[in-house]
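Working notes, structure below.
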Amino acid sequence: MFRSAYALKSLERYFLILATGVVLPVSVLTGIVVQQNWRAYASTAAASTAFTAVRCTLQTMELVSAERGPMNAALGENLPVPPALLASLRDARERSDAKLAELLALYRAPLSPHGAKEFSNIQRIRQALAIARANADLAIEAPRGTVSGRNVWSVVDGMVDVVPELRTGMVESIGIVMRNQSDASDMMALAILAGELREQAGLLGSTFTPALSRRRALNDADQLKIERVLGRIEELQTLIDARISSIPELRGTIAYMDMKHLYMGDGIAYIERLRELAARGPAGAGLTPREVVEAYVPLMRSITQFRDFMLDRVEQRIAAQRTASVRVLLATLAAAAMLAAALMLSLSQFRKRVIRPFVQATRIIGAIADGGSVPAIPLDRYRGEINGMFSALSVLKDTAASKSRLESERDRLILDLATMAETDFLTGLLNRRAFERRFEETRERWRGADPVLAFILFDIDHFKSINDTYGHAAGDEALKVVAALCARNFRHADVVARVGGEEFAVLCHTSQPGQALEMAERMRHGIAQASVTSCDGSRFGMTASFGVSYVEWGTIAGRAETLFRRADELLYQAKMSGRNRVLLDRAA
């Protein structure tokens, strides 16, 4: 086109052709730059909206969890329940309802045009909460002789089950924040972990309610629940410490140190003392749930303060990024307008100062758009507005490169989060949630080629004694040794997971139940032969107890739900009959 233009004798025609060739690409360039900066602004706006929903959800989870404190206290009081305690329970419920209403408002149009699904989900959760409260009120008002420990557990579990539903509802919002605000992803993850820690801390206190309200000692079921919650709390503490250690600016913050000292120190110590008292004699600890709430709940506030500190930091970064995006967008619009004016003025020197740099600019734009190798940008070779155009191209090149890096980092973070969600951090095995999902997938794909589906559940005998004698580091090493033995003794197709503190589970297809028994015996023998080295160089051994249940092809629909429970019962029987043994479900 340009060679044809040189042949034209009419300067006006040549000027029009040249003007068209210049103005059109500049318009495209301006649109690309503005669009990219608009997307940057839109992403920060989306992150801000999603963050508001995440924060409100975490606060709602906290308030719903906090309801269990006065509820547990009321369950442990003799009738009539003191009016002050009932008023405290009403106040807690009103705070939860107010926060739920605020959360619903965030998903209601026009604030959230596409939030109908989340809005319906929150409505469903609110209905479930109302049912759980009604059950609690019935238990509180019932004569104490008619309320069993199982009734109390049912009431507590009804309240506990509401919180995971809220947590699931904010997963999409968390993803939006992390995709659009990758530099705050670690702090966002810390806030989520702290929210989970607060829920587990509240659940830990609630596990004592059945025993305290019935004025009895802790039984084996109570102890098992306490151990599981303590294991989850220890796991969350480890995850938080690992992330904190990678962010130097957070290591010595008051919020983090307060949480470690007040809850992980004083709070856990109080629980251990309470547990020791509650295990003595038929009368248990001699404390009421109300007394436990008054002593324990204040120690959990440091967790909430740490969570809010992390959320504040994320919010500050989102606000700063949003302000910067607005400034860049306005600056880009202004620069684009100035560049267009400068290019129109420079057409008078079309060959030297327009055509040649325009050809170069076109090649650079094409290279950036194609994502290939970008030619060297001739900065400072031209004067005035042309140089401004090449500066804008340099910005565009850097922006495209930054976008590519951010996308790669985002994909890596999403992959890391997905792996973290399924993997036990210490042993590298699947965690409980991933194991349960694999079980459902295995059941759906089972076509009967192997007629038996076996479930092996085992844990390390006297694991607490190992921790107490050799230290928690030695206990962790013992868990790693067991994980390594699992890798050697079980098949690649078997699903192996760490489902508790020292509890492991295996799901496998076999031709007959005896084959599963042989696999469990081989693993038991391997553990008994293993040797673990502690930090001080001393070596010790260990044993494990196993429960093996199974279901045969054709009965999976009717017996799948009992598979886990039966293996747990067999494991308990193995423990009670001397440990270091395997019990097979003979009645399966």
Side-chain angles (χ1 to χ4, degrees), residues 47 51 54-55 58-59 61-62 167 170 174 177-202 204 229-272 298-321 324 405-406 409-410 412-421 423-428 431 467 471-477 479-480 501 535:
F51 173 78
V54 171
R55 183 166 206 159
L58 287 172
Q59 292 170 342
M61 289 166 55
E62 175 197 355
R167 186 189 306 116
M170 69 176 175
I174 293 172
V177 174
M178 290 192 170
R179 284 195 300 271
N180 296 312
Q181 201 69 31
S182 59
D183 61 334
S185 59
D186 281 335
M187 294 182 183
M188 190 73 224
L190 282 168
I192 301 303
L193 290 171
E196 172 67 7
L197 179 59
R198 168 61 180 82
E199 167 58 16
Q200 293 299 317
L204 181 59
V229 179
L230 282 172
R232 178 56 179 160
I233 288 175
E234 183 178 349
E235 180 181 2
L236 290 169
Q237 180 190 4
T238 303
L239 290 172
I240 290 172
D241 289 343
R243 286 192 173 272
I244 287 288
S245 65
S246 66
I247 310 176
E249 63 186 279
L250 299 179
R251 291 176 189 168
T253 55
I254 295 175
Y256 173 62
M257 300 307 296
D258 281 351
M259 183 180 70
K260 286 189 70 70
H261 294 152
L262 293 179
Y263 182 73
M264 300 312 301
D266 297 344
I268 296 301
Y270 175 79
I271 288 296
E272 292 295 346
L299 298 174
M300 296 192 295
R301 290 174 186 153
S302 59
I303 304 175
T304 303
Q305 291 169 354
F306 174 73
R307 179 206 68 194
D308 291 341
F309 174 73
M310 289 294 103
L311 290 174
D312 289 342
R313 297 293 289 268
V314 175
E315 187 174 27
Q316 290 167 7
R317 293 202 175 187
I318 291 174
Q321 183 64 32
R405 288 194 299 270
L406 286 174
E409 181 66 12
R410 179 200 65 192
R412 185 186 64 78
L413 287 172
I414 291 174
L415 181 61
D416 289 347
L417 286 173
T419 301
M420 185 185 302
T423 304
D424 175 59
F425 74 97
L426 180 63
T427 62
N431 59 26
N467 282 333
H472 286 278
D476 290 346
E477 188 62 29
L479 293 173
K480 294 177 183 178
C535 296

**Residue list, side-chain contact (heavy atoms from CB on, under 4.5 Å) with Ile254, at least two apart or on another chain** = Asp258
**Request:** State, yes or no, whether a side-chain contact exists between Met310 and Arg243 at a heavy-atom distance under 4.5 Å.
**Result:** no
**Asked** Taking only residues two or more places apart in sequence, or in another chain, which ones meet Gln59 in a side-chain hydrogen bond (donor to acceptor under 3.5 Å, both in side chains)?
**Response** Lys99
**Asked** Under the side-chain hydrogen bond (donor to acceptor under 3.5 Å, both in side chains) test, which residues partner Arg307, sequence neighbours left out?
**Response** Glu62
**Spatial distance of atom CD1 (Ile303) from atom CD (Glu199) [nearest 0.5 Å]** = 10.5 Å
**Side-chain heavy-atom pair Leu250, Asp186 within 4.5 angstrom cut-off** = no
**Item:** Taking every non-hydrogen atom, the tightest pair across Ala194 and Phe306
**Value:** CB-CD2, 3.7 Å
**By salt bridge (charged side-chain N to carboxylate O under 4.0 Å, His left out) - contacts of Glu315 (at least two apart)** = Arg55
**Request:** Apply side-chain hydrogen bond (donor to acceptor under 3.5 Å, both in side chains) to Gln237 and list each qualifying residue two or more places apart in sequence or on a separate chain.
**Result:** none
What side-chain donor-acceptor pairs closer than 3.5 Å can you find for residues 263-272, not counting sequence neighbours?
from: Tyr263; atom 1: OH; to: Tyr296; atom 2: OH; distance (Å): 2.7

**Request:** For Arg251, enumerate each residue passing the side-chain hydrogen bond (donor to acceptor under 3.5 Å, both in side chains) test, keeping only those at least two apart in sequence or located in another chain.
**Result:** none
**Request:** Answer yes or no: is there a side-chain heavy-atom contact under 4.5 Å between Thr253 and Ile244?
**Result:** no
**Complete:** Closest non-hydrogen contact found for Asn180 with Ala47 is CB-CB, 3.9 Å
**Asked** Is any side-chain heavy atom of Arg313 less than 4.5 Å from a side-chain heavy atom of Leu190?
**Response** no
**Request:** Begin from the C-alpha positions of Asp308 and Leu58 and carry the test side chain to side chain contact (heavy atoms under 4.5 Å, CB included) through to its verdict.
**Result:** CA-CA 10 Å; Asp308 291 341; Leu58 287 172; over 6 Å; no
**Message:** Tell me the closest heavy-atom pair linking Leu197 and Ile233, and the distance in Å.
**Reply:** CD1-CG2, 3.8 Å
**Request:** Can you see which heavy atom on Met300 is nearest to which on Gly202, and at what distance?
**Result:** SD-N, 3.5 Å
**Prompt:** Any side-chain heavy atom of Met187 within less than 4.5 Å of one from Glu249?
**Reply:** yes
**Prompt:** Are any of the side-chain heavy atoms of Leu311 and Phe51 separated by less than 4.5 Å?
**Reply:** yes
**Rounded distance (nearest 0.5 Å) linking atom CD of Gln305 with atom OH of Tyr256** = 16.0 Å
**Complete:** Those residues at least two apart in sequence (or on a different chain) that pass salt bridge (charged side-chain N to carboxylate O under 4.0 Å, His left out) with Asp241 are Lys260
**Complete:** Applying salt bridge (charged side-chain N to carboxylate O under 4.0 Å, His left out) to Glu196 and not counting sequence neighbours gives Arg167, Arg232
**Which residues share a side-chain contact (heavy atoms from CB on, under 4.5 Å) with His472, sequence neighbours left out** = Glu234, Asn467
